[in-house]
There are 2 protein chains.
Amino acid sequence: MHVLTWMSLAHRHGRDVVTSDQVAASVNTNAVVIRRTLGRLRDAGLVDVQRGQGAGWRLARAPKDITLLEVYQAVEEDALFALHHGTPNQECPVGRGIQPVLRHVYDGVEDSVRGELAKTSIADVLAETVA
Amino acid sequence: MHVLTWMSLAHRHGRDVVTSDQVAASVNTNAVVIRRTLGRLRDAGLVDVQRGQGAGWRLARAPKDITLLEVYQAVEEDALFALHHGTPNQECPVGRGIQPVLRHVYDGVEDSVRGELAKTSIADVLAETVA
DNA sequence: CCGATTGTAACTAGATTTGTTACATCAAGG
DNA sequence: CCTTGATGTAACAAATCTAGTTACAATCGG
């Protein structure tokens with residue numbers, strides 16, 4: 001969210017293509033860390049990358065057309081809640097039957113999270129950030 | 001959820017007080033791990049503990065009166081989403097302004113998660129588990 | 001060919017989690 | 001009042017994960 005919000009502000013200031021170094025300066029971290037995140041956003045189609053001379057990154061869409069849901073799905077691969085570390089005791093009715101129930105509950109939670117994140121766009125975040 | 005569901009089933013079978021060793025056998029882990037979780041559930045008032053001779057744990061309420069929201073709040077202390085690891089660049093408008101916005105978004109997400117978890121009780125989980 | 005930037009591997013340091021051992025503490029009941 | 005079977009908790013090992021860092025090959029416009 002920080003990365004895309006910063007790119008939106010740069011775009012508004014006329015800077016269309018930005019480098020991972022410039023983004024890293026705002027987040028206050030290393031450029032490689034930013035490139036790892038930008039790579040995922042690129043795989044999700046939210047940003048485009050240019051290599052070679054004059055290389056850098058640009059938003060693939062207008063900020064108002066990028067929802068936080070898309071950012072979440074691009075960046076977060078693990079489920080919000082994990083099941084047991086090990087396998088529960090299969091001799092026990094609860095150990096045997098609980099995992100599908102947990103998955104069902106967790107699916108409902110993830111759905112509600114997705115619905116909530118879909119309500120907000122990067123443009124909304126930028127507007128609230130500079131306010 | 002596994003711990004409380006198992007205790008509900010034990011209660012239904014007439015075993016009112018159970019030990020951390022018995023619960024650990026169903027989860028397939030060490031009793032100390034279970035005691036750590038049960039300690040949090042006790043602090044939240046979801047289970048009662050008895051020490052000394054004949055010690056053990058019992059549900060403090062009927063399973064239908066324990067919601068997954070209460071379990072979540074008892075067991076999970078960290079926020080669902082974390083902010084930046086380090087402090088963003090305060091010289092930058094985005095670095096300076098984005099954290100309150102993130103908190104605002106994350107609060108909305110947590111609220112929707114809580115609302116979802118409040119819909120289900122341990123009794124529901126048990127019914128679905130043994131089905 | 002030059003030069004600036006991306007892509008990515010490899011590594012360190014730190015934090016976190018699970019499981020484990022050990023032992024002090026507790027209280028019911030003989 | 002002592003035995004007994006459990007809890008409470010500290011301390012530690014092993015595994016896993018993340019951020020940050022360094023290094024360098026790959027890319028491509030000019």
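Sequence lines set the chain letters: A, B, ... in the order given, protein chains first and strands last, and positions in each chain run from 1. Please read these numbers as outputs of a predicted model, since none were measured by experiment.
For B/H104, the NE2 atom is loosely surrounded, since the number of other residues' heavy atoms within 6.0 Å does not exceed 12. Other residues, nucleotides and ligands place no more than 12 heavy atoms under 6.0 Å from the CZ atom of A/R12.
Between the C1' atom of D/dT7 and the CZ atom of B/R42 lies a distance of 9 Å, rounded to the nearest Å. Atom CG of B/D48 and atom P of C/dC26 are 19 Å apart (whole Å). Rounded to a whole Å, the CG atom of B/N28 is 13 Å from the C1' atom of C/dT18. For the pair B/Q53 CD and D/dT3 C1', the computed distance is 8 Å after rounding to whole Å. Rounded to an integer number of Å, the gap from CG of B/D21 to C1' of D/dG8 is 14 Å. The distance from atom CZ of A/R58 to atom C1' of C/dT6 is 15 Å, rounded to the nearest whole Å. Atom CG of B/L38 is separated from atom C1' of D/dT9 by 15 Å (rounded to the nearest Å). If you take CG of B/N30 and C1' of C/dG19, they are 6 Å apart, rounded to a whole angstrom.
The closest donor-acceptor contact from the side chain of A/S26 to the backbone of A/V23 lies at 3.5 Å or more, if one exists at all. Without hydrogens or angle criteria, B/N89 side chain to A/V27 main chain gives no donor-acceptor distance under 3.5 Å. A donor-acceptor distance shorter than 3.5 angstrom exists from the side chain of B/R40 to the backbone of B/V75, with no hydrogens or angles considered. Within the 3.5 Å criterion, the main-chain N or O of B/Q90 finds a donor-acceptor partner in the side chain of B/R96.
A/R61 has a carboxylate O that lies under 4.0 Å from a charged side-chain N of A/E70, or vice versa, which qualifies the two as a salt bridge.
With hydrogens and angles ignored, a donor-acceptor pair closer than 3.5 Å exists between the side chain of A/R36 and the base of D/dG20. Judged by distance alone with a 3.5 Å cut-off, a donor-acceptor contact links the side chain of B/R51 to the base of D/dT7.
The side chain of A/Q50 has D/dG29 as its nearest neighbour among D/dG29, D/dT7, C/dT18. The side chain of B/R35 has D/dG8 as its nearest neighbour among D/dT22, D/dG8, C/dA10. The side chain of A/V32 lies closest to C/dA9, out of C/dG29, D/dT7, C/dA9. Each of D/dG8, D/dG5, C/dT6 was ranked by its minimum atom distance to the side chain of A/A55; first place goes to C/dT6.
Distances shown here put a side-chain N or O of B/T29 below 4.0 Å from the OP1 or OP2 atom of C/dG19. Not one side-chain nitrogen or oxygen of A/T19 sits closer than 4.0 Å to the OP1 or OP2 atom of C/dT5.
Nucleotides of DNA chain D nearest to B/W57 and A/V33 differ in position, and the one nearer the 5' end is that of B/W57.
Within residues 69-98 of chain B, the residues that place at least one heavy atom under 4.0 Å from DNA chain D are, in residue-number order, B/H85.
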